[in-house]
Participant: 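Can you read through this structure? Questions will come right after.
All chains are named by letter (A, B, ...) in the order of the sequence lines, taking the proteins before the strands, and each is independently numbered beginning at 1. Predicted, not measured: the structure shown is a model, and the values here were computed from it.
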Amino acid sequence: MNPSPVNPASESPKKLLVVDGHSMAFRAFYALPPESFITDSGQYTNAVHGFTNMLLKLIREEQPTHVALAFDLDTPTFRHQSYDEYKGGRDKTPEEFRGQIDLIKQVAEALRIPAVTVEGYEADDIVATYVTQAEEAGWQTLIVSGDRDALQLVTENTHLDYPTSGVSKSVRLDPAGVEAKYLVPPQRYRDLAALVGESADNLPGVPKVGPKTAAKWITEYGSAAEIIAHAEDIRGKVGENLRAALADVERNLELNWLVRDLDLPVQLEDCLLTSPDREAVEPLFDALQFNQIRERLFEVFASRFPEADLSAEPTEALPEVRVAASAAELNTFLSEHEEAPLALSLCLDRSGESRSTKAQRDEAARTAEALAVVLVPAPHQHEGEPSREPVTALAVPLSSADEELESALADWLLAAEKPKLLHDVKDAGKRLAWRGLPLRGAVEDTLISGYLVQPDRRNFAFDDLVAQHLSSSTEPSDYIGGERFAGSGEEPVQGSLFDAAQEPVPGVTEEDLARAGVRGMLLHSLSSRLHAELVDRKAEQLFYEMEIPLAEILLQMELTGIAVSTEMLQELDAEFARSIEASAQAAYDVVGHEVKLGSPKQLQTVLFEELELPTAGVRKNKTGYSTDVETLQDLLTKTSPETPGNQFLVNLMAHRDATKLRQTVTGLIESVQGGRIHTTYAQTVAATGRLSSLHPNLQNIPVRTAAGRLIRDAFVVGDGYESLLTADYSQIEMRIMAHLSGDEALIDAFKAGEDLHNFVGARVFGVGTEEVSAEQRSKVKAMSYGLAYGLSSFGLSKQLGIGVDEARNLMNEYFERFGSVRDYLREVVTQAKKDGFTSTIYGRRRYLPDLTSENRQLRQMAERAALNAPIQGSAADIIKRAMIDVDAALTERQLQSRMLLQVHDELIFEVAPGERETLEALVLEKMGAAADLSVPLEVHVGVGSSWHQAAH
DNA sequence: GACTCCACGTA
DNA sequence: CGTACGTGGAGTCC
């Protein structure tokens, strides 16, 4: 798709950049702390980061026409064969370096830069061969290498960047520079090195001969060969040493002679620098978590290849976006596209983009109003190819439309039988609902299809999905007819004769409309592309029968929100504020000065230096000693009451608790709108299939402590409703584990309806169900839950504060009684390694490529994720199924009660007057029947005037 | 201003 | 050396 950039005119000089990949990767590795460059999955990327940065900098500053990277192979080279000790004595490659060369090669591939290797030779030889060819062709060359052997390659046309520290600083050496620094001309450097020796390669030279002596001899005799020939003439101790070391010198000369005529797999001309493969860059940089570098990369290449623009060549026409002036025009348009789905793209009010802080801009973006709806028919096809004939899209203005037009639009939007394609239905539906325009009939949401295809992906922005799956651009100027938008959009472009006064829709520029048109057009293509993927991944049913219907339900829940008592929240806020103040003051009094109690860094000083609390056994993090609760609790037990240390700890912990609680309360107060809080559910974030909740997060409202539960008391029943009803699945994950493992003992426990942990405790400890002590119960409870997370005996011992041996015994006892659980957990991982993915009971997959990683940490993380994904994911499937079924039943029975919240295994409803019993029965029925497992799905229901009350 | 780290709330 | 999330303060980098 990407057009080759115009070959820089042949008369202009060519410039080669050739990098010794291995030596520079190592430099980068040692220049940057690995612990600061680690992905969430545990892969170190410091070398990749440093290397990529260096490469981009060189491309930007040096403007090479051709670029090649040379790499060593792990296999022995001819040098090893002639000298066993070659490069012996080197330290083992650090564990953190592992895998990074491969990642660098992947980066190179994404940048379409050849990463060249040759069996039996080193990177240096490859560099030397390219340099030789470039010299012969009369090119300029810049070598970048941390290996001094490259010095011999320097000429007037070939310069060397030799790093002085890290990868950021280097010296540029030309022949004069080499001579100034090493006292001999480049072509004699290897003679000097042969005499002096090269410790990095484990090549001893002549004892007592350093660069100065060697240079003197070379100047005097001309070359190492001549020196050897005249060895007898050299006097003194060094002369003796030389004569004794002649064999070493000859061997060194043989080994440090770079091979300049290799048969290279990539020809010099084929190293032509071109624009990167965006489709490869995106997922790779996602995985590496390189966001800044990604931006820099596109900047560097965009300025370098403006004509390529890193996007598709314009073969498709820009849609013509007509602004509907009347209801008749809209209806005509709709009737022309009666059967076919229309893509729906919104133009939003962008006036909030100029807010000063990011938080304000984010907020503005979330609440931006829809100003126009753009309807885009499927692109014309010409023999399967995109057509150069533009489609005609219709924009319907929302604020300036007359009543008739708006009502015609409303009818179409509400018509469930009129198919619509969108990206992020829930978002669009919300913005339209704000304008009184309910949306139905979405048959596509590329946000969701993109997620089902790649559930681990972080970013599903439409433009990025388009770039990855279609290798296309969403920029109007990249399409035929889009030339007039070629500017950034910031300033009027020549030939684009419109200004604010001529805006077709108030607040919407012509370019905004064009962009909406392009997005609509691309929605059709992206939809087809992703659906092919959904079929491959057997995810169609999940898409149509679960996620799409769920999106509509979530939309309603978000729009509805949950009522809160602002007064109660404010009282709590004040209460927690007092508590924060009091505990802070008391803490300051202990140490005699103020300290930011929220700063782990300052706390480290106070705790371990001023108060001299014992550091023995205290966990460390990147910034020093940890100050988390676990540590503080531990320290508390090590200090006597009434000591300053003890008192400080007590107040610090009280302060922590109060601060956290207040933070939650403050956030809630800030998000109240009209007495209700409207969270947003993210349907495409959690890789297991769970929902997440944000702005605010209502899935992490405190419940474990009494103070925390006060907050739940502020979530109340709204006007016109009689109560709140909560319904939660009891031990759903354990039930799923029983089902998936088929463990008879566990299944029996659930069938018998016994208290699970007492049941398990009785089996593990060999006592009667009634005789399980509280301590025993909590131990097996921790273990039961831990198993689904891939808990190790070490982890269990830490959590329970028992020895590793005891923890191991406990686990063995457990598996002795519930052997199928162990078999199942093993099988899940084995199967996932085979398939590359795990599956839930509804067929939701999670792809875990790291299961086969060479990196142990990565692999083990993937193994634990593989253990957990089917369990957590099946629970997510089940409650999603239940939500859809409950919602359908509410509608069918025309109940006024409504679903408000979902908290993973719990649903919260607002009960309409007189509907309590009906609702309760309905919820119990639908939730209980959401999956057919070999154990019953138990649901607990509670009713009350607040969330807290209802949970009792 | 943007990003990272730490800490901590939930299931 | 236990999974999945989101939020906010402090500190740091640019």
Side-chain angles (χ1 to χ4, degrees), chain A residues 35-38 40 42 289 291-292 295-296 356-361 455-456 458 595-604 619-632 653 656-657 659-668 670-671 679-682 685-705 707-708 711-712 728-729 731-733 782-783 785-799 804 807 825 838 846 856-857 860-873 875-876 879 901-906:
Chain A
E35 64 273 14
S36 305
F37 297 85
I38 180 164
D40 293 337
Q289 296 174 235
N291 292 317
Q292 278 174 293
E295 294 309 312
R296 201 169 313 148
S356 55
T357 71
K358 184 176 191 303
Q360 284 176 333
R361 285 193 299 277
D456 275 274
R458 277 279 148 200
V595 48
K596 285 194 193 286
L597 297 174
S599 163
K601 197 164 175 263
Q602 295 187 30
L603 285 179
Q604 283 160 15
R619 281 190 309 110
K620 285 202 176 184
N621 54 37
K622 281 181 196 173
T623 47
Y625 290 110
S626 168
T627 65
D628 62 13
V629 258
E630 198 190 321
T631 305
L632 299 185
M653 288 163 80
R656 277 261 175 90
D657 289 342
T659 308
K660 182 70 183 173
L661 290 166
R662 180 162 190 230
Q663 179 194 304
T664 302
V665 172
T666 310
L668 291 175
E670 282 168 4
S671 50
T679 186
T680 299
Y681 289 101
V685 167
T688 52
R690 274 191 176 181
L691 300 178
S692 75
S693 160
L694 59 169
H695 315 310
N697 182 355
L698 293 186
Q699 290 180 326
N700 72 341
I701 302 302
V703 71
R704 291 173 206 207
T705 63
I711 301 176
R712 290 198 172 210
D728 63 276
Y729 282 111
Q731 291 152 339
I732 189 166
E733 296 198 349
M783 187 158 49
Y785 281 108
L787 288 177
Y789 302 147
L791 185 70
S792 63
S793 50
F794 177 88
L796 183 65
S797 76
K798 219 178 81 171
Q799 190 190 323
V804 181
L825 294 174
T838 61
R846 179 170 182 186
R856 195 166 56 93
Q857 194 188 350
Q860 290 182 340
M861 281 179 74
E863 286 170 359
R864 291 192 296 270
L867 278 184
N868 180 251
I871 299 171
Q872 189 182 115
I879 196 163
L901 301 180
Q902 189 250 47
V903 191
H904 307 308
D905 65 358
E906 175 186 17

Participant: Scan for side-chain hydrogen bond (donor to acceptor under 3.5 Å, both in side chains) pairs involving residues 785-797 of chain A, sequence neighbours excluded, and state none if there are none.
Facilitator: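 Every pair satisfying side-chain hydrogen bond (donor to acceptor under 3.5 Å, both in side chains) with a residue in residues 785-797 of chain A: there are none.
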
Participant: Counting only N and O atoms by type, is there a donor-acceptor contact under 3.5 Å from the side chain of A/Arg712 to the main-chain atoms of A/Pro702?
Facilitator: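 Yes, the answer is positive, given that a donor and an acceptor are paired below the 3.5 Å cut-off.
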
Participant: Using a 4.0 Å heavy-atom cut-off across all strands, classify A/Arg856 as base, sugar-phosphate, or nothing.
Facilitator: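 If one applies the 4.0 Å heavy-atom cut-off, A/Arg856 turns out to touch nothing in the nucleic acid.
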
Participant: Name the residue closer to the 5' end of DNA chain C, choosing between A/Pro455 and A/Glu670 according to the nucleotide with the nearest heavy atom.
Facilitator: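 Final value for this comparison: A/Pro455.
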
Participant: Look at the side chain of A/Asn697 against the base of C/dG6 and say whether a donor-acceptor pair falls under 3.5 Å; ignore hydrogens and angles.
Facilitator: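 Between C/dG6 and A/Asn697, which were checked side chain against base, a qualifying N/O pair under 3.5 Å is absent.
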
Participant: Of all the nucleotides listed (B/dG9, C/dG6, C/dG11), which has the minimum atom distance to the side chain of A/Val685?
Facilitator: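 Taking heavy atoms from C-beta onward, the closest nucleotide is C/dG6.
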
Participant: Looking at B/dC8, I'd like to know if its phosphate oxygens (OP1 or OP2) sit under 4.0 Å from a side-chain N or O belonging to A/Arg704.
Facilitator: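 A/Arg704 to B/dC8 OP1/OP2: no side-chain N or O under 4.0 Å.
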
Participant: For B/dA7, take OP1 and OP2 only and decide whether either is under 4.0 Å from a side-chain N or O of A/Ser626.
Facilitator: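 For B/dA7, OP1/OP2 do have a side-chain N/O of A/Ser626 under 4.0 Å.
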
Participant: Within less than 4.0 Å of OP1 or OP2 of C/dA4, is there a side-chain N or O belonging to A/Thr688?
Facilitator: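 The answer is no; no side-chain N or O of A/Thr688 sits under 4.0 Å from OP1 or OP2.
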
Participant: Given 3.5 Å as the limit, does a donor-acceptor pair link the side chain of A/Thr679 with the main chain of A/Pro696, or not?
Facilitator: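 The answer is yes, because a donor-acceptor pair under 3.5 Å joins these two groups.
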
Participant: Measure the distance from CG on A/Leu632 to C1' on B/dC8 and round it to the nearest whole Å.
Facilitator: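 After rounding, the gap between these two atoms is 12 Å.
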
Participant: Would you say A/Arg662 places a side-chain N or O within less than 4.0 Å of OP1 or OP2 belonging to B/dC8?
Facilitator: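 So the side chain of A/Arg662 is outside the cut-off, no N or O lying under 4.0 Å from OP1 or OP2 of B/dC8.
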
Participant: Using a heavy-atom cut-off of 4.0 Å across all strands, would you classify A/Ser599 as base, sugar-phosphate, or nothing?
Facilitator: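 Sugar-phosphate contact only - A/Ser599 comes under 4.0 Å of backbone atoms but never of a base.
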
Participant: Which part of the nucleic acid, if any, lies within reach of A/Ala875 when heavy atoms closer than 4.0 Å are counted: base, sugar-phosphate only, or nothing?
Facilitator: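 No contact.
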
Participant: When you measure from the side chain of A/Lys660, which nucleotide among B/dG9, C/dC5, B/dA2 comes out closest?
Facilitator: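 Ranking B/dG9, C/dC5, B/dA2 by closest atom to the A/Lys660 side chain puts B/dG9 first.
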
Participant: Which whole-number value in Å describes the distance from A/Lys358 NZ to B/dT4 P?
Facilitator: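 So the two atoms are 12 Å apart, to the nearest Å.
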
Participant: Between A/Glu630 (CD) and B/dA7 (C1'), how many Å, whole number?
Facilitator: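 Computing the A/Glu630:CD to B/dA7:C1' distance gives 13 Å.
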
Participant: Side chain of A/Asp628 only, please: which of B/dC8, C/dG11, C/dA4 is the nearest?
Facilitator: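 Output: B/dC8.
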
Participant: Whether the side chain of A/Lys622 and the base of B/dC5 hold a donor-acceptor pair under 3.5 Å is what I'd like checked.
Facilitator: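 Absent.
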
Participant: For A/Arg856, does the CZ atom sit with more than 12 other heavy atoms under 6.0 Å from it, leaving out its own atoms?
Facilitator: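 No, the 6.0 Å shell around CZ holds no more than 12 heavy atoms from other groups.
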
Participant: According to a strict under-4.0 Å criterion, is A/Asn621 in side-chain N/O contact with OP1 or OP2 of B/dA7?
Facilitator: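 So the side chain of A/Asn621 is within the cut-off, an N or O lying under 4.0 Å from OP1 or OP2 of B/dA7.
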
Participant: Remember a base hit wins even if backbone is also touched, and classify A/Lys596 as base, sugar-phosphate or nothing at under 4.0 Å, heavy atoms.
Facilitator: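 Sugar-phosphate: the residue A/Lys596, judged by heavy atoms under 4.0 Å, touches backbone atoms but no base.
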
Participant: Considering only B/dA7, B/dA2, C/dT3, which nucleotide approaches the side chain of A/Arg864 most closely?
Facilitator: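 For the A/Arg864 side chain, the nearest candidate turns out to be C/dT3.
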
Participant: I'd like to know if the side chain of A/Glu733 reaches the main chain of A/Ile871, judged simply by a donor and an acceptor atom lying under 3.5 Å from each other, with no hydrogens or angles considered.
Facilitator: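 Checking the backbone N and O of A/Ile871 against the side chain of A/Glu733, no donor-acceptor pair under 3.5 Å is found.
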
Participant: Which listed nucleotide (C/dG8, B/dA11, C/dT3) is nearest to the side chain of A/Val703?
Facilitator: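 Closest nucleotide among those given: B/dA11.
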
Participant: Should A/Arg619 be listed as having a side-chain N or O under 4.0 Å from OP1 or OP2 of C/dC1?
Facilitator: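 No, no such contact exists.
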
Participant: Name the nucleic acid region contacted by A/Leu867, choosing base, sugar-phosphate or nothing; use a 4.0 angstrom heavy-atom cut-off, strictly under.
Facilitator: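 No contact.
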
Participant: Is the shortest side-chain N/O distance from A/Thr357 to OP1 or OP2 of B/dG1 below 4.0 Å?
Facilitator: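 The answer is no; no side-chain N or O of A/Thr357 sits under 4.0 Å from OP1 or OP2.
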
Participant: Under 4.0 Å between any heavy atoms, over every strand shown, what does A/Leu694 touch: base, sugar-phosphate, or nothing? Just pick one.
Facilitator: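 The residue A/Leu694 makes sugar-phosphate contact but no base contact.
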
Participant: What is the distance, to the nearest angstrom, from the CG atom on A/Asp905 to the C1' atom on C/dT3?
Facilitator: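 That distance rounds to 15 Å.
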
Participant: Can you check the A/Glu906 CD to B/dT10 P distance for me, whole Å?
Facilitator: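 It works out to 12 Å between those atoms.
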
Participant: OH of A/Tyr789 versus C1' of C/dC5: gap in Å, rounded?
Facilitator: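 The answer, rounded to whole Å, is 11 Å.
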
Participant: How far does NZ of A/Lys798 sit from CZ of A/Arg619, to the nearest 0.5 angstrom?
Facilitator: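 If we round to the nearest 0.5 Å, A/Lys798:NZ and A/Arg619:CZ are 5.5 Å apart.
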
Participant: Taking atom types as they are modelled, would you say the side chain of A/Arg690 forms a donor-acceptor pair with the base of B/dA11 within the 3.5 Å cutoff?
Facilitator: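 Indeed, a donor on one side and an acceptor on the other fall under 3.5 Å apart.
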
Participant: Quickly work out the A/Ile701 CD1 to B/dC8 P distance and round it to whole Å.
Facilitator: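 So the two atoms are 18 Å apart, to the nearest Å.
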
Participant: Under 4.0 Å from OP1 or OP2 of B/dA11: is there any side-chain N or O of A/Gln731 that close?
Facilitator: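 So the side-chain polar atoms of A/Gln731 never come under 4.0 Å of the phosphate oxygens OP1 or OP2 of B/dA11.
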
Participant: Heavy atoms under 4.0 Å, any strand shown: does A/Ser793 hit a base, just sugar-phosphate, or nothing?
Facilitator: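 Contact class for A/Ser793: none.
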
Participant: With heavy atoms under 4.0 Å as the rule, sort A/Gly795 into base, sugar-phosphate or nothing.
Facilitator: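 Sugar-phosphate contact only - A/Gly795 comes under 4.0 Å of backbone atoms but never of a base.
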
Participant: Under the 3.5 angstrom rule, does the side chain of A/Arg690 hit a backbone N or O of A/His904 as a donor-acceptor pair?
Facilitator: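 Here the side-chain-to-backbone pair does not exist.
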
Participant: Just checking A/Thr627: base, sugar-phosphate only, or nothing, at a heavy-atom cut-off of under 4.0 Å?
Facilitator: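 Counting heavy atoms under 4.0 Å across all strands, the contact made by A/Thr627 is with sugar-phosphate only.
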
Participant: What's the CD-P distance between A/Gln663 and B/dT10, to the nearest Å?
Facilitator: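 Roughly 13 Å, once rounded to whole Å.
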
Participant: Classify A/Arg656 by what it touches in the nucleic acid, base, sugar-phosphate, or nothing, heavy-atom distance under 4.0 Å.
Facilitator: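 Sugar-phosphate, backbone atoms only, no base.
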
Participant: For a quick check of understanding: with a heavy-atom distance under 4.0 Å over all strands, which category does A/Arg846 fall into, base, sugar-phosphate or nothing?
Facilitator: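 Answer is sugar-phosphate: A/Arg846 comes under 4.0 Å of backbone atoms only.
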
Participant: So what does A/Lys601 hit on the nucleic acid, given a heavy-atom distance under 4.0 Å: a base, only sugar-phosphate, or nothing?
Facilitator: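 Sugar-phosphate contact only - A/Lys601 comes under 4.0 Å of backbone atoms but never of a base.
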
Participant: Among residues at least two apart in sequence or on other chains, which ones pass side chain to side chain contact (heavy atoms under 4.5 Å, CB included) with A/Asn697?
Facilitator: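 Side chain to side chain contact (heavy atoms under 4.5 Å, CB included) list for A/Asn697, sorted by chain: A/Ser693, A/Gln699, A/Asn700.
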
Participant: So what does A/Glu733 touch, heavy atoms closer than 4.0 Å: a base, only the sugar-phosphate, or nothing?
Facilitator: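 Contact class for A/Glu733: none.
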
